[in-house]
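To keep things clear, I will list the structure first and then write my remarks on it.
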Amino acid sequence: MPTAVLTGHERTAVQAYLRLLHTVRATLDTSATTPRPVIVPEAALADADRALALAGLAGNEEAFFALVRGWCTEDG
């Protein structure tokens with residue numbers, strides 16, 4: 001549960017990052033004998049970049065990851 005109220009753009013940026021992270025994890029969890037697609041699809045990366053820019057977080061990793069830590073719990 002988030003500890004602070006995020007703006008709509010901040011929430012969108014965190015969610016885009018988490019989608020990107022889950023995409024990479026799913027790709028890496030496939031069998032090594034299975035042909036792997038590109039790890040980061042261009043559309044997913046563009047979505048995350050756009051969301052970060054709209055939230056004013058592009059180039060501000062410290063603030064962004066503070067939001068991610070607040071959004072995510074250790075359980076999930």
Side-chain angles (χ1 to χ4, degrees):
M1 180 130 232
T3 57
V5 177
L6 276 62
T7 68
H9 289 309
E10 290 171 337
R11 184 174 22 267
T12 299
V14 169
Q15 290 171 335
Y17 168 77
L18 293 174
R19 282 192 304 274
L20 188 59
L21 181 62
H22 290 252
T23 299
V24 171
R25 283 184 177 166
T27 301
L28 294 176
D29 284 345
T30 62
S31 169
T33 59
T34 304
R36 293 183 180 182
V38 174
I39 290 181
V40 180
E42 188 175 328
L45 190 54
D47 181 44
D49 284 343
R50 189 171 34 261
L52 286 169
L54 285 172
L57 295 166
N60 192 345
E61 291 83 5
E62 184 177 344
F64 174 68
F65 284 113
L67 292 174
V68 172
R69 282 191 300 277
W71 182 265
C72 299
T73 64
E74 290 185 26
D75 299 334

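- In this structure, the separation between CD on Gln15 and CG on Leu20 is 13.5 Å, given to the nearest 0.5 Å.
- Under the side chain to side chain contact (heavy atoms under 4.5 Å, CB included) criterion, His9 pairs with Thr7, Leu54, Ala55, not counting sequence neighbours.
- In this structure Ala63 satisfies the side chain to side chain contact (heavy atoms under 4.5 Å, CB included) test together with Leu57, Asn60, sequence neighbours excluded.
- Under the salt bridge (Lys or Arg N to Asp or Glu O under 4.0 Å) criterion, Arg19 pairs with Asp47, sequence neighbours left out.
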